[in-house]
Structure formats: C-alpha cells, structure tokens
Amino acid sequence: MAHHNDSTDEEWAAYAQRLATALRRAREDAGLSQEQVAYRAGLTRYTYQKYEKGESRPGSPANPTLRTMLALSQVLDLAIEQLVPGDPPDLRSR
C-alpha cells in the first residue's frame with residue numbers, strides 16, 4: 001500500500017495550485033469561458049471550476065485523470081506538456 005506523508009501531501013497541494021494557474025492562464029489565452037472549456041472537454045462546469053481552484057473536491061488537491069488532461073489540452077489547443085507544470089513533487093514511497 002502506498003504511504004503518503006504530510007510533506008508529500010503539501011507538495012502535491014502546491015503542485016495542484018500550479019496546475020490550476022496553468023489551466024486558468026491557458027483558458028484566458030484561448031478566450032474561452034470556464035463553461036465553454038468544461039463543455040468541450042466533457043466535464044461539468046463545477047468539475048472544471050474545481051480544477052481551476054486546484055481541487056478535485058473541496059479540501060482535496062486536484063488530480064484529474066490522464067483522459068481529462070488530454071481533453072483539456074485538446075480543447076485549449078496546447079500540448080499536454082504545456083499544461084502540466086514542471087518540477088513535480090517526488091511521489092515515490094520513501
């Protein structure tokens with residue numbers, strides 16, 4: 001079973017915030033509303049808004065599926081690498 005420690009959880013939350021910023025910036029650059037991005041990516045507006053806040057659900061850092069990230073990159077006309085922030089936390093079990 002994977003074991004998460006508090007510092008890893010904090011690093012993941014910070015990483016999720018960087019993803020949120022990247023999504024918001026890309027959406028604004030594309031001139032799209034949250035509703036337009038959500039609809040085109042097959043998400044609810046609520047779910048997409050949570051991702052732009054860095055959450056999957058209240059109090060839980062965002063962790064969108066690979067399928068969702070691919071859909072968002074296609075809607076925003078960006079390579080997935082342009083949406084995923086660099087310098088991710090080390091998620092290996094310690």
Side-chain angles (χ1 to χ4, degrees):
M1 186 165 91
H3 175 71
H4 299 291
N5 62 35
D6 289 342
S7 88
T8 302
D9 290 345
E10 288 171 21
E11 289 170 28
W12 182 260
Y15 187 75
Q17 284 301 317
R18 296 206 318 272
L19 172 63
T21 300
L23 283 171
R24 186 178 66 251
R25 192 171 292 138
R27 177 182 58 79
E28 290 170 351
D29 289 350
L32 297 171
S33 69
Q34 289 181 332
E35 193 163 14
Q36 288 170 314
V37 172
Y39 177 78
R40 293 175 189 181
L43 302 169
T44 65
R45 186 170 54 96
Y46 176 81
T47 297
Y48 181 75
Q49 286 174 327
K50 285 283 164 217
Y51 290 150
E52 275 200 18
K53 289 181 180 173
E55 299 178 335
S56 284
R57 51 189 184 277
S60 174
N63 193 7
T65 64
L66 179 57
R67 182 183 180 123
T68 294
M69 289 303 298
L70 286 169
L72 290 171
S73 72
Q74 291 166 0
V75 168
L76 297 166
D77 198 26
L78 294 170
I80 195 168
E81 299 82 20
Q82 293 174 277
L83 282 180
V84 179
D87 195 26
D90 184 350
L91 300 176
R92 294 171 289 195
S93 293
R94 292 184 171 84

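This structure is a prediction, so every number in the text was calculated from the model and none was measured. All residue numbers refer to positions in the sequence shown, counting from 1.
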Testing the basics here: between [X] and [Y], what is the closest heavy-atom pair and its distance to 0.1 Å?
X	Y	answer
Ala20	Gly54	CB-N, 3.4 Å
Ser73	Leu70	OG-O, 2.8 Å
Asn63	Ser56	N-OG, 2.9 Å
Ala22	Leu83	CB-O, 3.5 Å
Tyr51	Leu23	CB-CD1, 3.8 Å
Thr8	Asp90	CG2-O, 4.2 Å

Worksheet item: Could you give all pairs that pass the salt bridge (Lys or Arg N to Asp or Glu O under 4.0 Å) test and reach residues 20-29, with sequence neighbours left out?
Response: Arg27-Glu52
Worksheet entry | Reported CG-to-NZ distance for the pair Leu43 and Lys50, which is rounded to 0.5 angstrom | 14.0 Å
Worksheet item: Would you say Tyr48 and Tyr39 are hydrophobically clustered, going by side-chain heavy atoms of ILVMFWY under 4.5 Å?
Response: no
Discussion item. Hydrophobic cluster membership, with links at side-chain heavy-atom distances under 4.5 Å among I/L/V/M/F/W/Y: are Tyr46 and Val37 in one?
Written reply: no
Worksheet item: Are any non-hydrogen side-chain atoms of Ser7 and Glu11 less than 4.5 angstrom apart?
Response: yes
Item to complete: Would you indicate whether the side-chain heavy atoms of Val75 and Leu32 approach each other to under 4.5 Å?
Response: yes
Response to the item:
side-chain hydrogen bond (donor to acceptor under 3.5 Å, both in side chains) filter on Ser33, not counting sequence neighbours, yields Gln36
Sequence neighbours excluded and cut-off under 3.5 Å, please list the side-chain donor-acceptor pairs for residues 12-19, or say none.
from  : atom 1 : to    : atom 2 : distance (Å)
Trp12 : NE1    : Ala62 : O      : 3.1
Tyr15 : OH     : Pro85 : O      : 2.6
Gln17 : NE2    : Lys53 : O      : 2.9
Arg18 : NH2    : Gly86 : O      : 2.6
Arg18 : NH2    : Asp87 : O      : 3.0

